[in-house]
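Have a look at the structure below, then the notes.
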Amino acid sequence: KAGVTQTPRYLIKTRGQQVTLSCSPISGHRSVSWYQQTPGQGLQFLFEYFSETQRNKGNFPGRFSGRQFSNSRSEMNVSTLELGDSALYLCASSSWTGYEQYFGPGTRLTVT
Amino acid sequence: TQLLEQSPQFLSIQEGENLTVYCNSSSVFSSLQWYRQEPGEGPVLLVTVVTGGEVKKLKRLTFQFGDARKDSSLHITAAQTGDTGLYLCAGAGTASKLTFGTGTRLQVTL
């Protein structure tokens, strides 16, 4: 079974721009969660989608948004990028909400 | 807000030594998972513990879930350089959301 894939793996953007990251979950998994990982804050939960509906949301500003398609693929968008948004963005899929997460390799976003 | 504190934050040991990593919370979790993350990669699930007092072994790794399901420990026997990485615990609590711990960075040297 293919694992979770994320594209792109690396991204460099400038302040004020927006970015869209993509995640393809493990086949059959309907839950997709997004996390932000930084050295200072660790792994922080952004949001979770299940069957195209946002089920849970972390404490991030409205500049961070996401969606899930009917094939369970998910995208997250960050608008008006700030330097502090530089991080590793991880996507994880699960067969059910809150259960064991299977992570992708992440997208390393650098904002200059 | 459910928080998971891990200790120690950093650990540097030599190959062959034993170590224990702790994961503590004031909240009760329905299950607890342990992950290992290597540089440039996403976390990889090691184990899930569900029952209070449960002990699971994975080769040289022993995981224990506290009786009250608020804490957990990871014990590694005879550490190897391949055990190097960031160890994360994660608890499944209210609203079926996973809360990740603060992480323990382990360095095993020859």
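In what follows, every chain begins at residue 1, and chains take the letters A, B, ... in the order their sequences are listed.
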* Please report the shortest heavy-atom distance between B:Gly40 and A:Arg9, naming the atom on each side. => O-NH2, 3.2 Å

* Asked: Under a single-linkage definition using a 4.5 Å side-chain heavy-atom cutoff for Ile, Leu, Val, Met, Phe, Trp and Tyr, are A:Phe64 and A:Leu88 assigned to the same hydrophobic cluster?
  -> no

* Taking all non-hydrogen atoms of both residues, which atom of A:Leu90 and which atom of B:Gly42 are closest, and how far apart? -> CD2-CA, 3.7 Å

* To do: Assess whether atom NZ of B:Lys57 is packed by more than 12 heavy atoms of other residues, nucleotides or ligands within 6.0 Å.
  => no

* Given B:Leu86 and A:Gln37, is the side chain to side chain contact (heavy atoms under 4.5 Å, CB included) satisfied, shown in steps? -> CA-CA 12 Å; B:Leu86 177 67; A:Gln37 188 175 34; 3.7 Å; yes

* Do A:Gln101 and B:Gln33 get their side chains close enough for a donor-acceptor pair, meaning under 3.5 Å? -> no

* To do: Report the distance from atom CG of B:Leu4 to atom CG of A:Leu43, rounding to the nearest 0.5 Å.
  => 12.0 Å

* Can you tell me how far the CG atom of B:Leu98 sits from the CD atom of A:Glu100, to the nearest 0.5 Å? -> 9.5 Å

* Is the number of heavy atoms from other residues, nucleotides or ligands under 6.0 Å of A:Arg15 CZ greater than 12? -> no

* **B:Phe100 CZ to A:Tyr35 OH distance, which is reported to the nearest 0.5 Å** => 4.5 Å

* Asked: Rounded to the nearest 0.5 Å, how far apart are CZ of A:Phe45 and OG1 of B:Thr99?
  -> 9.0 Å

* **B:Leu58 CG: over 12 foreign heavy atoms closer than 6.0 Å** => yes

* Structure fact -> Applying a strict 4.5 Å limit to non-hydrogen atoms, the region of A:Arg108 in contact with chain B is neither

* Asked: How many angstroms lie between atom CD of B:Gln37 and atom CZ of A:Phe103, to the nearest 0.5 angstrom?
  -> 8.0 Å

